[in-house]
Amino acid sequence: MALVPTPSIDGPIIAEVNMGSDSATVRATVVQASTIFYDTPATLVKAERLIADAAAYGSQLVVFPEAFIGGYPRGSTFGVIIGSRSAKGKEEFRKYHAAAIDVPGPEVDRLAAMAEKYKVYLVMGVIEREGYTLYCTVLFFDSQGRYLGKHRKLMPTALERVIWGFGDGSTIPVFETPIGKIGALICWENRMPLLRTAIYGKGIEIYCAPTADSRDVWQASMTHIALEGGCFVLSANQFCRRKDYPPPPEYMFGGSDDDLSPDSVVCSGGSVIISPSGAVLAGPNYEGEALISADLDFGEIVRSKFDFDVVGHYARPDVLSLIVKDHPLTPVTFTSGTKAESTQKS
């Protein structure tokens with residue numbers, strides 16, 4: 001195996017692995033970089049620069065972190081205590097809502113144009129706005145600039161449930177593409193065994209795991225999923241310093257910034273690419289913003305499945321089975337026609 005350097009971006013770059021196999025390979029890149037918080041247009045400009053750098057290296061697939069467009073509101077409480085929400089917290093949510101994007105919408109069109117321009121498959125973490133509810137979402141695009149679909153985070157974690165809605169079974173896709181079957185779960189929903197099994201059942205080969213978890217123990221979860229699913233796991237996280245968020249008092253970390261300097265690291269990344277055998281192909285990187293890339297040898301999937309195929313020869317559906325309710329769940333249904341028709345004045 002040979003180490004291949006990536007082109008330069010701001011911050012350190014990790015060396016990458018070229019697997020050198022006779023099997024079909026796909027070059028993939030996970031992006032480790034910070035949102036420009038509350039500035040979605042500037043974040044889109046940054047995203048394009050990073051996609052261009054990855055494409056220049058020959059990447060066919062580029063995976064961004066959780067909530068890259070719209071931002072992960074790390075450290076914020078949104079003024080919430082049990083039984084009360086502060087006026088400042090409500091204003092903070094208004095700003096966060098304004099930074100989110102509509103799907104479909106102009107930002108989605110721009111991301112599709114980037115995928116087409118640089119001829120890459122693109123997996124992008126966004127904050128999706130539907131009316132006045134926000135969702136933590138992953139968007140998928142093909143290399144011809146077509147929007148393929150989305151996954152909404154099924155179960156936000158802890159205080160995330162205050163600011164994000166819940167996805168349903170209608171957005172757990174795995175897309176069959178010329179470079180492999182691609183899907184994604186977000187952050188801690190990767191720890192939900194039945195949800196993982198649902199996408200194993202769809203034949204996932206390139207398992208994307210955008211996250212906000214930079215702890216060492218996250219690596220154990222990613223290695224386990226690669227082994228369990230017999231798939232490549234691509235986990236992308238942001239690398240953020242305090243100065244990547246608005247300054248206090250506009251934005252406060254846990255109500256106080258006393259222990260943080262502008263250069264304090266508030267999310268240390270840990271982005272990684274792992275093979276179906278559990279081998280780490282690239283990363284984890286905890287040093288700074290980086291493009292983390294590897295060539296994915298699809299022969300590794302076959303070799304791995306020979307040992308263990310979780311929804312194939314190692315399954316026991318006569319004893320254990322899973323039913324997935326994959327229809328959309330909507331709070332209001334109009335039996336006389338569409339919502340638009342039902343709200344027209346007579």
Side-chain angles (χ1 to χ4, degrees), residues 1 3 14-21 23 25-32 61 63-66 123 125 138 151 153-155 157 174 180-239 267-287 290-315:
M1 295 190 295
L3 293 178
I14 194 166
E16 312 304 349
V17 177
N18 185 330
M19 293 166 58
S21 170
S23 302
T25 62
V26 170
R27 181 161 293 181
T29 293
V30 295
V31 173
Q32 180 165 290
L61 170 66
V63 181
F64 277 77
E66 177 179 13
V123 178
V138 170
H151 165 61
K153 194 172 189 175
L154 198 66
M155 177 52 68
T157 299
V174 171
K181 297 177 182 178
I182 304 171
L185 298 181
I186 305 169
C187 207
W188 276 21
E189 65 178 1
N190 285 284
R191 296 169 63 176
M192 300 172 69
L194 297 183
L195 184 54
R196 294 199 308 270
T197 302
I199 62 172
Y200 297 155
K202 293 185 175 184
I204 193 164
E205 296 169 328
I206 302 176
Y207 184 121
C208 303
T211 188
D213 191 342
S214 61
R215 299 172 306 152
D216 291 343
V217 72
W218 180 253
Q219 303 301 318
S221 291
M222 297 299 95
T223 300
H224 172 77
I225 291 169
L227 288 167
E228 179 181 67
C231 52
F232 292 98
V233 172
L234 285 64
S235 182
N237 194 6
Q238 298 195 31
F239 183 94
C267 182
S268 58
S271 301
V272 69
I273 300 176
I274 302 176
S275 83
S277 69
V280 175
L281 303 180
N285 182 334
Y286 297 100
E287 302 303 317
L291 299 179
I292 300 168
S293 304
D295 288 346
L296 313 183
D297 171 12
F298 273 64
E300 281 293 300
I301 295 177
V302 181
R303 290 186 283 272
S304 173
K305 298 284 192 182
F306 177 65
D307 288 336
F308 184 83
D309 186 351
V310 68
V311 290
H313 63 76
Y314 223 91

Fill in: Intermediate values then yes/no, salt bridge (charged side-chain N to carboxylate O under 4.0 Å, His left out), E66 and K153
CA-CA 10 Å; E66 177 179 13; K153 194 172 189 175; 2.9 Å; yes
Fill in: F239/V31 under side-chain contact (heavy atoms from CB on, under 4.5 Å): CA gap, chis, key distance, verdict
CA-CA 10 Å; F239 183 94; V31 173; over 6 Å; no
Item to complete: Please assess R303 against D297 for the test salt bridge (charged side-chain N to carboxylate O under 4.0 Å, His left out), listing each intermediate value before the final yes or no.
Response: CA-CA 11 Å; R303 290 186 283 272; D297 171 12; 3.0 Å; yes
Practice prompt. Show your reasoning for whether side-chain contact (heavy atoms from CB on, under 4.5 Å) applies to L61 and I206.
Written response: CA-CA 10 Å; L61 170 66; I206 302 176; 3.6 Å; yes
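The side chain to side chain contact (heavy atoms under 4.5 Å, CB included) check on M155 picks up R161, F166, M192, with sequence neighbours excluded. For D309, the salt bridge (charged side-chain N to carboxylate O under 4.0 Å, His left out) partners at least two apart in sequence or on another chain are K305. In this structure K181 satisfies the salt bridge (charged side-chain N to carboxylate O under 4.0 Å, His left out) test with no other residue, sequence neighbours excluded. Taking the salt bridge (charged side-chain N to carboxylate O under 4.0 Å, His left out) definition, one finds that E205 meets it with nothing, sequence neighbours left out. Under the side-chain hydrogen bond (donor to acceptor under 3.5 Å, both in side chains) criterion, S235 pairs with W218, not counting sequence neighbours. With sequence neighbours excluded, the residues forming a side-chain hydrogen bond (donor to acceptor under 3.5 Å, both in side chains) with S277 are S275, listed by chain and number.
Side-chain atoms of F64 and V123, non-hydrogen and from C-beta on, never get closer than 4.5 Å to each other. Within the 4.5 Å cutoff, no side-chain heavy atoms of L291 are placed close to those of V30. Side chains of Y200 and Y207 form a contact here, defined as non-hydrogen atoms less than 4.5 Å apart. Taking 4.5 Å as the limit, every side-chain heavy atom of F306 sits out of range of all side-chain heavy atoms of V302. Within the 4.5 Å cutoff, side-chain heavy atoms of V280 are placed close to those of V272. The side-chain heavy atoms of V26 and D295, taken from C-beta on, include no pair separated by under 4.5 Å. Side-chain contact between T29 and V63 is absent, with no heavy-atom pair separated by less than 4.5 Å. Between F232 and P276, some side-chain heavy-atom pair lies under the 4.5 Å cut-off.
More than 12 heavy atoms of other residues, nucleotides or ligands shown are found within 6.0 angstrom of CZ on F308.
Using a 3.5 Å distance cut-off with no hydrogens or angles, the side chains of Q219 and H224 do not pair a donor with an acceptor.
Within the model, atoms CD1 of I274 and CE of M222 stand 7.0 Å from one another, a figure rounded to the nearest 0.5 Å. To the nearest 0.5 Å, atoms CG (L234) and OG (S271) are separated by 10.0 Å. Residue D213 holds its CG atom at 8.5 Å from SG of C267, rounded to the nearest 0.5 Å. Going from atom CG of N190 over to atom CG of L195 covers 8.0 Å, rounded to the nearest 0.5 Å. Interatomic distance, NZ of K202 versus CD1 of I182, reported as 14.5 Å (0.5 Å rounding). Considering CZ of R196 and CD1 of I225, their distance stands at 5.0 Å, rounded to 0.5 Å.
Partner of I186 under the side-chain contact (heavy atoms from CB on, under 4.5 Å) criterion, chosen from T211, T157, V138, L154: V138.
Q32 places a side-chain N or O within donor-acceptor distance of the main-chain N or O of N285, the cut-off being under 3.5 Å.
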